[in-house]
Engineer: 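One structure, as structure tokens, below. Some questions next.
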Amino acid sequence: MSDLQIWRSALSGAAAVLSVSIFAGCGATSATGSQPAAAGKQSGPAIAQSCAGGLLEDAEDGDDQAGDNGYWYSYVDESGSKVEPGKEFELASGGHDSEGAVRMQGSLTKGEDVYAGVGFGLREGGSYDASRYGALAFWAKAGSPGQSIRVKVPDVNTAPEGKKCSECYNDFGVEVPLKTEWTRYVVPFSAMKQESDWGAPRPASVDKSRLFGVQFQVSQPGSTFDVWFDDIEFTGCQ
Ligand SMILES: [Ca+2]
């Protein structure tokens, strides 16, 4: 199954897939919160709706703190792969209809377990309750065709901070093929899965009431990557 097929199937139907293209480029990021998803029944467009207070990071204040949340960081395997920004996390100039964004660049070595990523924490010293939201949305673009990222949300069962995992870091997420122009992507929590065949525990679904952060990760061996992120938000208020 290709990444694109995973994305399509994970979005639970053609309507949700359609919403991605409908919302792409239409500037639907203004926070209104006026059309929350119907309780217990989320359609694609409904989960794409921005929510008042849902914006996590627009990368406009020039610092390495994600909005009022935790600080940005990068991480990389110990196989020789490289990622920028490094320990000094600086934002990039040129965002989605704005001045600033997060840009992740680097290269992965050839090997079985290579990866690099960027992410930020949601709450210092604790977890964040995202129960009232239906999805994570963000704008992204790739510097060249054919790149994809795995967007994932460390939660109480997969993050070491949750004190539950014996084999951590297999966070719930979705692989997203990226376009080379700024595009908005909407990832329902219900579409997020763990990677197969590793990690403990392996619960049925993400625990969105106890999230620790948001991460964007690449893992294709032998690849170079150049990906941008902006306007990261929780959407689909319930
Ligand atoms: Ca921005």
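Read the numbers this way: they start at 1 and go in the same order the structure lists the ligands and their atoms. Note that these values count all heavy atoms, side chains included, but never hydrogens, waters or copies made by symmetry.
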Engineer: With a 4.0 Å cut-off on N to O distance, would you call Arg210 and Asp129 a salt bridge?
Structural biologist: no
Engineer: For Tyr75, I'd like to know if atom OH has over 12 heavy atoms of other residues, nucleotides or ligands within 6.0 Å.
Structural biologist: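 Check passes, neighbour count above 12.
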Engineer: Is any side-chain N of the basic residue among Arg184 and Glu233 closer than 4.0 Å to the acidic one's carboxylate O?
Structural biologist: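 Between Glu233 and Arg184 there is a salt bridge, with a charged N closer than 4.0 Å to a carboxylate O.
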Engineer: Does the shortest distance from the Ca ion (ligand 1) to an N/O/S atom of Gly100 fall below 3.0 Å?
Structural biologist: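 Yes - counting backbone and side chain alike, Gly100 has an N, O or S atom under 3.0 Å.
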Engineer: Nearest 10° is fine: what angle sits at the Ca ion (ligand 1) between OE2 from Glu60 and OG from Ser98?
Structural biologist: 80°
Engineer: How many angstroms lie between CD in Glu181 and CH2 in Trp139, if you round to the nearest 0.5 Å?
Structural biologist: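 Glu181 atom CD to Trp139 atom CH2 measures 10.0 Å (nearest 0.5 Å).
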Engineer: So, 3.0 Å as the limit: is an N/O/S atom of Glu99 located closer than that to the Ca ion (ligand 1)?
Structural biologist: no
Engineer: Angle subtended at the Ca ion (ligand 1) by O of Asp58 and OD1 of Asp230, to 10 degrees?
Structural biologist: 70°
